[in-house]
Amino acid sequence: MKEISKHYNPSEAEPKWREFWEKEGIYKFNPKAKGEIFSIDTPPPYVSADHLHAGHVMSYAQAEFVVRYKRMRGFNVYYPMGFDDNGLPTERFVEKKYKINKSKITRSEFIKLCLKETKKGSETYRKLWSLLGISVDWTKTYSTINDHCRKISQWSFLDLYRKNKIYKAKKPILWCTTCRTAIAQADLEAEEKESNLVYIKVKAETGDTLVFATTRPELLPAVMGISVNPKDKRYKKLIGKKVTMPLTKKKVVLTADVATNMEYGSGVVYYCSYGGGECIEWLSRHPEAEPTELILPNGRFSQAGGKYEGMKVLEVRKMIVEDLEAVGAIEKIEPIKHSVYTHERCGTDVEYIESDQWFIKILEAKNDFLKRGKELKWHPKEMKKIYDEWVENIKWDWCISRQRYYGVPFPVWYCGKCGEIILPEEKDLPVDPLEEQPKIKVCPKCLSAGEADGGKKFIPEQDVLDTWATSSLTPIIAQKLVSEKPIQEKLYPSSLRPQAFEIIRTWLFYTIVKSHYHHNHLPFRSAMISGHGLDEQGRKISKRLGNYIPPEKIIEEYGADAVRYWATGATLGQSLKFNILEVKKGRRTTTKLWNVARLLSMHTKKPMLVGSKDKLEKSDLWILQEMNKTIAAVTKNFENYTYAKAKEEIDKFFWSKLADYYVEFVKYRLFGSDKKSKDAAIKTLSTVFFSILKMYAPIMPFVTEEIFQTFFRNMEKVKSVHVSVWPEKMKLSSKPDISDFESAIKAIDEIRKAKTKQGISLGAEIESMELKTKVNVKKYGVFLKNVGRVKKII
RNA sequence: GGGCGCGUAGCUCAGUUGGUUAGAGCAUCUGUCUUACAAACAGAGGGUCAGAGGUUCGAUUCCUCUCGCGCCCACCA
C-alpha cells in the first residue's frame, strides 16, 4: 500500500480521475460487452442557457446516480449526450444577446450567429458535466442541428407523410407576433393578466339596444357575428334580427348559439376573427359568417382595420375604447383579471390568424396516446396525471412549421406550375430545399396531366420544423449513433427517459407521438421525472434574479462529490432547494471516508475480505449483519430510483454504525497482541468499508475512486470502482449468538455518558463503573472493559 | 373553477399497511485534542405533527371541512 497523504484534496484528485476515466474509456459503450443493455434517452439541453446553475446540476445528477448504479449491477450502459441547438429557443437567445430580430438581419448572418452561440453553449455544458463527473459516453454525442439529426428529422417527416399523419392546411392557427411564426398548443402559457371587460352598446334593427361584453374591443372591425343563448328569454325576440356595430356600421345578424353563457356579462357575445379558440369554434357552428383578415403576422392592423391600419393590437385596444366612448357606445368598463395565452418563449399575447401550415395529426389519436401513457412506467407515478390531463385537453393538431430561420428545413418543394408537393428520396437526406433542387426533373403530376413542360420549376418550402419535431426523435437519434444493426435494436426503445416535469407536454408527449406513429411502440420503457432546483429561499433559480452561485465555483470550493451529494437529497419529482449545508456535509463525508481509509492503511498493507476461516468476534458479526441490512435497503432504493433514501441509508450505516461504533469497538484489537483477533477485525473492517465505498460510488464517484485505487486495487480485477460489482449480502454463520449485542452497545453508551458528565476524556481509563444497563457481563465483560476503558465492571 | 402536491423541532426534511416516550442532519448549549478524523467525538435542550370536526380502544398516519403555499389544467367572451 502506498504512503498516503493526511488529507483528501478534491481539486487534485478530481481532474486526475476525470482524465483516467476518459483515457481508459470507463464509460464508453462497448457493443460487444456482456450484460443486458440499459440505454438512456439523455435530455439534450438547450445550449441557449449560457449560465448553468444548481437546477441543471440537480436534474442531470439524478439520472446519473441511477446510471452508475446500473453499470455496477452489470448492465451494459449506453449513456449518450445530446445538445439541442436548433430552433426557436436558440434564435430567441441570439436575438436577445445581439439585440436584433428576424427582420433586421439576413438569414445567413443570423444562422452564423446561432451556430457560434450553439458551439459556445455546448462547450459550457460539456465542461460542467465533466467537472461533475457525469458518466456519459463522450464519443456518443449529437447536436440537433447536425446532419445526423437533420437526416432523421427529415426521414420522420417523410415517413409520417407516407403514413398520412402529416398534412398541410390553411386555417386559423396560433401565432406569435413577436417571433412572427406559427406555434403549437404546447408552446402556450396561460398567464393571469389585468384587463378590461368593455360593455358595448349596439342597435338592433328593431330599435332595441343590445349590450355585449368583451375584453377585445379592438377586433370590432373583424366582427363575424353576435350571439345569445337560444334559451335566453331576454333576447329571444331579437334572434335573426340585424344589429349595427358602432363605428364600423357593419351589420351582423344576431344568432342563437348554445355555447353562450347567459350569466356572463350581459349574456350577449360577439365573435371576431379571431378573438380566441372560442371564435374559431363558433365559426364552425356558423359557417355563414365571414372572417376578416384583420391582424397581420407582424401584429399590426391590416387595411381592413380602416383608420387603425398599421397600428399594433394594444394601441388599437386603447384607442378604439376612446372612439367608442366618443360616440356613446360604451355602457361601462369593468376591470378584470383573466388568464391570457402567451407564447412561452417570449411572453407575447398569442394571436389567432389564418395561415397555411403543416400539421401532425394528434387529435384523432388521443386515446392511443393515453394508452401509451398507461404502458409507460412513471417515476414518480403521479406525473402520469400531468400527461393524461394534457393529452385529454389537446385541441389543436400539432403545428410543426415555423416561419423561422434556424432549424431543420422541411424536405419539401412545390411544383411551380401545379403546386404539387415534391419530396426527396430517403437516401438523399438531409436536404436543404433552399440550396438544392429535387432530383426529379419534371413534376410527376404535371407529367401525367400531359403538361410536362410546365412542371420543371420547383419552389422550396421556406419554413423550418418545430424544434420539438426533432427532439421528439432523441431515442432514435441516439440509437443510430451506434452502427451495429443487432445492437441498435436493443437500444431502442430506451430503457430510461430522465427529464424535468415541465416538459412532459412537449418533449415526453411528442416523443410518444413519434414513436407511436413510426414504430407502434413506446419510445422508452420508464420515465424518471425530476422537479425543480430552487434557490435557498425556495424561489425558482433564474438569471434575472441572479440567485445562484455558478456551480463551477461550488465545485472548486467543495469538490464535485460534495455538490452531487446535495443533489442526491431530492425526492424524485419534487423540487429541491439549494442548500450549501448539504454540500458541506458532502464534503465532510469525503473526508470521513478518507480517514477510515487511513486508519485501515495503518494496520494492513493488503486489505482482504472476510473468509470462512476467520475467527469473527461478536462485534464483527454485528457490523456484518448491519452491513447486510444496509446493502438490502440501499439496493432496493436504487432499484426504485429513490436515491435520496439510498443515500440516507448509507450515511446512517457509515457514520453511526461503522465510524462511531465499530471502529471504536475494534481499536483495542487493532493495537493489541492477539494476532487472530486483530486479523479478523481488519478483514471485517475491510469488507464493510469496501461495500460502503461501492454504495457511495454512484453518488460520489471521485473520492470513492481515489480510495479504491489507493487501497483496494487488488480486491477485484477491474480498472475502476465504477465497473466493479455491486456489493452483495454476506452469508453469516450464526454460531456466536449476538442477538443481545444491542445491550452491549447500550452499556457502551452508558459508559460514554458517564464520562462526558464528569467532563473526562473518553480515552481516559477509569477504575471502575457500575452499570445500570442490563448486560451479560460474562459474555461482554472483556469487550466492555476494553472499548469503554474501564478496569472493572460492576 | 377543477385536479395534484405540500404544511412535522429555529432551519431543511424522514416518518413504511394507524400502535409504547414522534426521528435525522444543520443550528443552539455543555463537555472532550480519545493511538483515522477538532472538517471530529460524546452529551443536552427544543415539537398542541397548520386548524376544526369525525371514524377508532388508540390518529402525524384514515375521512370531512377550513386556512396558507406551490404546481398543472380549464373558451367562459
Side-chain angles (χ1 to χ4, degrees), chain A residues 4 6-8 189-190 195 197-199 212-217 219 226-227 257 259-272 275-282 336 338-339 341 380 382-390 392-393 395 501-502 504-505 531-532 534 536 538-540 558 566 569-571 573-582 584-585 587-603 633 644-645 648-649 651-652 655-656 659-660 663-664 667-668 670-671 685 748-749 751-765 789:
Chain A
I4 52 149
K6 191 160 183 201
H7 296 287
Y8 171 68
E189 198 169 79
S195 185
L197 189 59
V198 183
Y199 288 73
F212 68 86
T214 179
T215 51
R216 302 210 59 184
L219 296 177
I226 184 162
S227 289
D257 191 272
T260 311
N261 184 340
M262 293 186 267
E263 326 275 279
Y264 194 92
S266 56
V268 185
V269 202
Y270 95 133
Y271 291 97
C272 344
E278 69 282 0
C279 291
I280 296 161
E281 280 167 29
W282 178 89
I336 56 160
H338 70 155
S339 80
Y341 279 126
E382 304 90 74
M383 290 296 171
K384 181 173 172 289
K385 284 207 176 94
I386 296 182
Y387 175 86
D388 287 345
E389 203 164 53
W390 177 254
E392 279 159 13
N393 283 307
K395 297 205 168 50
F501 73 90
E502 69 263 39
I504 287 177
R505 70 182 196 190
H532 268 306
L534 305 174
E536 302 211 49
R539 297 171 303 175
K540 201 171 164 175
Y558 300 99
W566 158 74
T571 304
Q574 282 187 358
S575 54
L576 177 69
K577 287 180 198 169
F578 180 72
N579 187 351
I580 196 70
L581 291 171
E582 275 299 301
K584 286 182 180 168
K585 197 185 160 197
R587 177 83 160 97
R588 285 208 303 279
T589 306
T590 62
T591 307
K592 193 83 174 172
L593 282 165
W594 189 247
N595 281 319
V596 174
R598 284 182 59 222
L599 169 78
L600 191 57
S601 76
M602 286 171 170
H603 298 282
K645 201 89 205 295
E648 217 181 286
E649 292 286 347
D651 277 347
K652 219 164 57 188
W655 285 84
S656 318
D660 293 346
V663 167
E664 295 305 321
K667 272 184 183 164
Y668 76 95
L670 294 178
F671 291 94
L685 186 57
I748 295 290
D749 285 342
I751 297 168
R752 285 174 171 178
K753 236 175 252 184
K755 285 188 175 178
T756 299
K757 219 172 181 181
Q758 290 169 53
I760 55 170
S761 155
L762 295 176
E765 195 168 47
R789 304 212 179 191

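Every value quoted in this text rests on a predicted model; they were computed, and no experiment measured them. Below, read A as the first sequence line, B as the second, and so on, with proteins coming before strands; counting in each chain starts at 1. Computed over heavy atoms, backbone and side chain alike; hydrogens, waters and symmetry mates excluded.
We find that A:Lys753 and A:Asp749 are not joined by a salt bridge, their nearest charged nitrogen and carboxylate oxygen being 4.0 Å or further apart.
Under 4.0 angstrom from either OP1 or OP2 of B:rC26 there lies at least one side-chain N or O belonging to A:Arg588. The phosphate of B:rU12 (OP1 or OP2) has a side-chain N or O of A:Lys577 nearer than 4.0 angstrom. Between A:Tyr199 and B:rA77 there is no side-chain polar atom (N or O) within less than 4.0 angstrom of OP1 or OP2. A:Arg752 has no side-chain polar atom (N or O) that falls below the 4.0 Å cut-off from OP1 or OP2 of B:rC41. Contact between the side-chain N/O atoms of A:Tyr264 and the OP1/OP2 oxygens of B:rC75 is not found at any separation under 4.0 Å. Note on A:Thr571: a side-chain N or O is less than 4.0 Å away from OP1 or OP2 of B:rA14. Under 4.0 angstrom from either OP1 or OP2 of B:rC71 there lies no side-chain N or O belonging to A:His532.
Taking atom CG of residue A:Asn393 and atom P of nucleotide B:rG2, one finds them 16 Å apart after rounding to whole Å. Summarising the geometry, the separation between CG on A:Leu576 and P on B:rG70 is reported as 18 Å, rounded to the nearest angstrom. Rounded to whole angstrom, the span from the CG atom of A:Asn579 across to the P atom of B:rG10 amounts to 17 Å. Rounded to a whole Å, the NZ atom of A:Lys384 is 24 Å from the P atom of B:rC71. Note: OH (A:Tyr271) to P (B:rA77) measures 11 Å, nearest angstrom. Spacing between atom NE2 of A:His7 and atom C1' of B:rA38 amounts to 11 Å, rounded to whole angstrom units. Atom CG in A:Asp651 sits about 13 Å away from atom C1' in B:rC26, given to the nearest Å. Here B:rC72 presents its C1' atom at 13 Å from CD of A:Glu392, a figure rounded to the nearest Å.
The shortest side-chain heavy-atom distance between A:Glu582 and A:Ile580 does not fall under the 4.5 Å cut-off.
As judged by a 4.0 angstrom heavy-atom cut-off over every strand, A:Trp655 is placed among residues touching the sugar-phosphate backbone only. Looking at heavy-atom distances under 4.0 Å, A:Arg505 makes contact with sugar-phosphate atoms alone, never a base. Contact annotation for A:Glu389: base contact, defined as any heavy-atom pair under 4.0 Å involving a base atom. Using a 4.0 Å heavy-atom criterion, one finds that A:Gly267 contacts the bases of the nucleic acid, with or without backbone contacts as well. Among the atoms of the strands shown, none is found under 4.0 Å from any heavy atom of A:Tyr8.
Residue A:Lys395 places its side chain closer to B:rC75 than to any other of B:rC73, B:rA44, B:rC75. For A:Thr260, taking side-chain heavy atoms from C-beta onward, the closest of the listed nucleotides B:rA77, B:rC73, B:rG43 is B:rA77. Closest to the side chain of A:Lys753, from the set B:rC26, B:rC6, B:rG43, is B:rG43.
The partner of B:rU48 is absent, by the rule that a Watson-Crick or G-U pair needs both atom distances under 3.5 Å. Both distances falling under 3.5 Å, in either a Watson-Crick or a G-U wobble arrangement, occur for no nucleotide opposite B:rA22. Remark: B:rC4 base-pairs with B:rG70; criterion is Watson-Crick or G-U wobble with both hydrogen-bond distances under 3.5 Å. With both pairing distances under 3.5 Å, B:rC29 is matched to B:rG43 as a Watson-Crick or G-U wobble pair. When Watson-Crick and G-U wobble pairs are counted only if both distances are under 3.5 Å, B:rC62 pairs with B:rG54. Nucleotide B:rA9 is matched to nothing when pairs are restricted to Watson-Crick or G-U wobble geometry with both distances under 3.5 angstrom.
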*List the protein contact pattern of nucleotides 27-37 of chain B with one symbol per nucleotide (5' to 3'): B for base contact, S for sugar-phosphate-only contact, - for none; contact means a heavy-atom distance under 4.0 Å.*
----SS-BBBB

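Nucleotides of RNA chain B nearest to A:Trp390 and A:Lys585 differ in position, and the one nearer the 5' end is that of A:Lys585.
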*side-chain contact (heavy atoms from CB on, under 4.5 Å) between A:Tyr341 and A:Glu189: does it pass, once the steps are laid out?*
CA-CA 6 Å; A:Tyr341 279 126; A:Glu189 198 169 79; over 6 Å; no

*A:Tyr271 vs A:Val269, side-chain contact (heavy atoms from CB on, under 4.5 Å): CA-CA, chis, key distance, verdict*: CA-CA 7 Å; A:Tyr271 291 97; A:Val269 202; 4.0 Å; yes

*I would like to know whether A:Ile504 and A:Trp390 meet side-chain contact (heavy atoms from CB on, under 4.5 Å); could you show each step before the answer?*
CA-CA 9 Å; A:Ile504 287 177; A:Trp390 177 254; 6.0 Å; no

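Here the separation of B:rG18 from B:rA24, taken at their C1' atoms, is 23 Å to the nearest Å. Atom C1' of B:rU55 sits at a distance of 11 Å from the matching atom of B:rU64, rounded to the whole Å. For the C1' atom pair drawn from B:rU34 and B:rU48, the interatomic distance equals 43 Å after rounding to whole Å. Taking atom P in both B:rU61 and B:rC71, one finds a spacing of 27 Å when rounded to whole Å. Spacing of P atoms, B:rG58 relative to B:rG19, comes out at 15 Å, to the nearest Å. Across B:rC72 and B:rU60, the matching C1' atoms stand 27 Å from one another, rounded to whole Å.
To the nearest 0.5 Å, the span separating CG on A:Leu197 from OG1 on A:Thr215 amounts to 7.0 Å.
A distance-only check finds a donor-acceptor pair linking the side chain of A:Lys755 to the backbone of A:Leu762 [under 3.5 Å]. Under a 3.5 Å cut-off, the side chain of A:Lys585 and the backbone N or O of A:Trp566 do not form any donor-acceptor pair.
Just one residue in the list A:Thr590, A:Thr591, A:Asn595 forms a side chain to side chain contact (heavy atoms under 4.5 Å, CB included) with A:Tyr8, and that residue is A:Thr590.
A pairwise comparison of heavy atoms in A:Phe501 and A:Ile386 identifies CD1-CD1, 4.5 Å as the closest pair.
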